[in-house]
Amino acid sequence: MSETSTSVTRRLRGRAMGLVVAGTALVLAAPIPATAVAGPAPAASADPVSVLTYTAKERREALAYWTPARIKAVGKSVDLGPTGPKAKPWRGTALKTVGRLFFVNANGADTWCTATAVKSANRSAVMTAAHCVRRGSSPVNTNIAMVFVPAYGKGKTPYGAFAVRTAVTPRNWENDSTDDLSTLVVDADKSGRKLTDVVGGQDIAFNRPVGGTISAFGYSATRPQLGEELLHCVGTAKKKDGVQAIPCDMSGGSSGGPWLADFNATTGKGTLVSVNSSLDSLTPTEMQGEVLGATARKVYDRAQRG
């Protein structure tokens with residue numbers, strides 16, 4: 001898709017609407033994967049985790065690619081309409097752990113998602129959505145030039161940029177478009193410091209019962225923010241069709257943003273229990289996210305050892 005396209009393109013996955021922005025179009029979803037490679041489905045692997053790696057050369061090129069001018073341009077290329085009433089600009093303590101995840105998608109378009117630094121053994125793990133890494137049900141369609149910019153805001157990158165060296169997703173996403181979550185591993189910064197040594201990390205919980213108050217964050221491509229400011233929604237999580245849902249109308253670009261339980265607005269810390277995955281309609285009222293269970297734990301564990 002060209003960067004000048006203004007159409008809304010359907011990306012077919014198992015439910016509702018994905019939130020990644022592609023060029024000037026919001027990538028949507030419908031009932032059955034349309035981006036799958038022709039031919040028989042790949043055989044199931046005994047390994048439930050899929051690992052995508054980027055070479056040192058590719059990581060250097062990614063950092064060079066995402067110049068301030070390019071970052072500014074990608075935000076201006078997308079306008080998904082006015083920001084809804086449920087999504088509010090975040091005006092509290094600066095969230096150093098949350099940032100924009102820039103990349104070039106499988107169509108060759110510049111775009112972004114949202115991601116979060118989490119505590120990990122390697123001090124380099126970042127949580128986001130699987131559809132920010134690769135298309136569902138399409139193993140060959142992966143994203144490139146991935147760079148995480150924590151605490152991004154209005155062109156400012158106070159903690160620099162961290163190139164993604166490994167992206168870990170569930171095999172189920174690669175083959176069947178289910179389990180829309182990913183853990184990334186990023187390089188150290190220019191000074192050799194690891195990510196969470198610089199910005200800290202959110203706690204993460206697996207197999208947590210669905211419920212309670214959730215604060216969700218994301219860089220939605222709605223105006224007037226257009227990805228330049230962090231938005232947030234607050235609501236009570238409820239079970240829905242095998243996932244969890246909260247009232248929220250953030251849109252494309254907010255994909256992968258954290259769902260934080262027990263969030264403390266003063267410290268900016270909470271416990272990550274899901275990430276923004278999909279919306280309920282073209283005019284959204286609800287955000288959906290995976291319940292982090294055994295598969296999510298395997299993805300996270302593989303990444304934090306990387």
Side-chain angles (χ1 to χ4, degrees), residues 10-22 26-33 35 50 80 84 86-87 98 100-101 103 105 111-116 118 126-138 143 167-184 202 204-206 208 210 214-221 231-233 235 237-261 272-282 284-293 295-297 299-300:
R10 292 193 174 276
R11 177 178 62 83
L12 304 184
R13 55 170 291 234
R15 62 174 181 275
M17 302 170 59
L19 304 173
V20 64
V21 174
L26 170 61
V27 183
L28 304 183
I32 299 182
T35 53
S50 178
L80 300 180
K86 295 181 176 66
V98 182
R100 281 176 88 180
L101 177 69
F103 55 93
N105 69 17
T111 185
W112 79 88
C113 278
T114 305
T116 309
V118 293
V126 177
M127 292 298 296
T128 192
H131 73 261
C132 298
V133 172
R134 63 196 318 150
R135 289 182 186 165
S137 305
S138 183
N143 300 333
V168 185
T169 59
R171 189 76 61 181
N172 289 342
W173 176 258
E174 180 181 323
N175 294 333
D176 301 314
S177 297
T178 58
D179 293 322
D180 186 13
L181 59 99
S182 176
T183 309
L184 313 176
Q202 299 287 350
I204 184 169
F206 301 94
R208 179 183 183 274
V210 174
I214 300 296
S215 296
F217 295 85
Y219 289 90
S220 183
L231 300 179
H232 79 295
C233 295
K238 297 180 179 179
K239 290 183 179 180
K240 182 175 183 177
D241 301 328
V243 296
Q244 51 185 324
I246 59 172
C248 188
D249 48 17
M250 288 190 291
S251 192
S254 68
S255 284
W259 289 28
L260 299 177
L272 189 146
V273 297
S274 190
V275 298
N276 297 326
S277 173
S278 54
L279 298 169
D280 59 335
S281 68
L282 275 169
T285 62
E286 180 182 87
M287 181 77 73
Q288 298 174 4
E290 303 289 351
V291 178
L292 303 187
T295 298
R297 182 68 198 236
V299 168
Y300 167 80

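Numbering starts at 1 and runs along the sequence shown.
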May I ask you to decide if Val126's main-chain N or O and Thr183's side chain share a donor-acceptor pair within less than 3.5 Å? no
Give a yes or no answer on whether the side chain of Asn175 reaches the backbone of Ser137 with a donor-acceptor pair at less than 3.5 Å. no
Pairing residues for Gln202 by the side-chain hydrogen bond (donor to acceptor under 3.5 Å, both in side chains) criterion, not counting sequence neighbours: Thr97
Heavy-atom pair with the smallest gap, counting every atom of Leu80 and Ser251: CD1-OG, 3.8 Å
Would you indicate whether the side-chain heavy atoms of Glu290 and Val275 approach each other to under 4.5 Å? no
From CE (Met127) to CG (Leu184), nearest 0.5 Å: 8.5 Å
Which value, rounded to the nearest 0.5 Å, describes the distance between Leu101 atom CG and Thr128 atom OG1? 5.5 Å
Can a donor-acceptor pair be found, under 3.5 Å and without considering hydrogens, that links the side chain of Asp179 to the backbone of Thr295? no
Could you go through Leu272 and Trp259, starting from their C-alpha distance and side-chain angles, then the distance that decides it, and tell me whether this counts as side chain to side chain contact (heavy atoms under 4.5 Å, CB included)? CA-CA 5 Å; Leu272 189 146; Trp259 289 28; 5.9 Å; no
To the nearest 0.5 angstrom, please state how far the NE2 atom of His131 sits from the OG atom of Ser278. 8.0 Å
With sequence neighbours left out, the residues meeting side-chain contact (heavy atoms from CB on, under 4.5 Å) with Val291 are Val210, Gln244
Residues passing the ring pair (Phe, Tyr, Trp, His ring centres under 6.0 Å) test with Tyr300, sequence neighbours excluded, are Phe206
What residues, two or more places apart in sequence or in another chain, satisfy side-chain hydrogen bond (donor to acceptor under 3.5 Å, both in side chains) together with Ser50? Arg134, Glu174
Nearest-0.5 Å distance, CH2 of residue Trp112 to CZ of residue Phe103: 10.0 Å
Under the side-chain contact (heavy atoms from CB on, under 4.5 Å) test, which residues partner Ala87, sequence neighbours left out? Thr83, Leu231, Cys233, Asp249, Met250
Heavy atoms of Val243 and Gly289 approach each other most closely as CB-O, 3.3 Å
Judged by atom type as modelled, is there a donor-acceptor pair below 3.5 Å linking the side chain of Ser254 to the main-chain atoms of Cys113? no
Identified side chain to side chain contact (heavy atoms under 4.5 Å, CB included) partner of Met287 from the options Asp280, Asn276, Ile214: Asn276
Results of side-chain hydrogen bond (donor to acceptor under 3.5 Å, both in side chains) for Ser182 - residues two or more places apart only: none
Passes side chain to side chain contact (heavy atoms under 4.5 Å, CB included), Leu292 versus Ile204? Steps please. CA-CA 9 Å; Leu292 303 187; Ile204 184 169; 4.3 Å; yes
I'd like to know if the side chain of Thr114 reaches the main chain of Arg100, judged simply by a donor and an acceptor atom lying under 3.5 Å from each other, with no hydrogens or angles considered. no
Nearest heavy-atom approach of Ile246 to Gly235 is CG2-O, 4.1 Å
Does any N or O in the side chain of Asn143 come within less than 3.5 Å of the main-chain N or O of Cys132, such that one atom is a donor and the other an acceptor? yes
Partner residues of Lys240 under the salt bridge (charged side-chain N to carboxylate O under 4.0 Å, His left out) criterion, sequence neighbours left out: Glu286
Taking atom types as modelled, is there a side-chain donor on Trp173 or Asp180 under 3.5 Å from an acceptor on the other? no
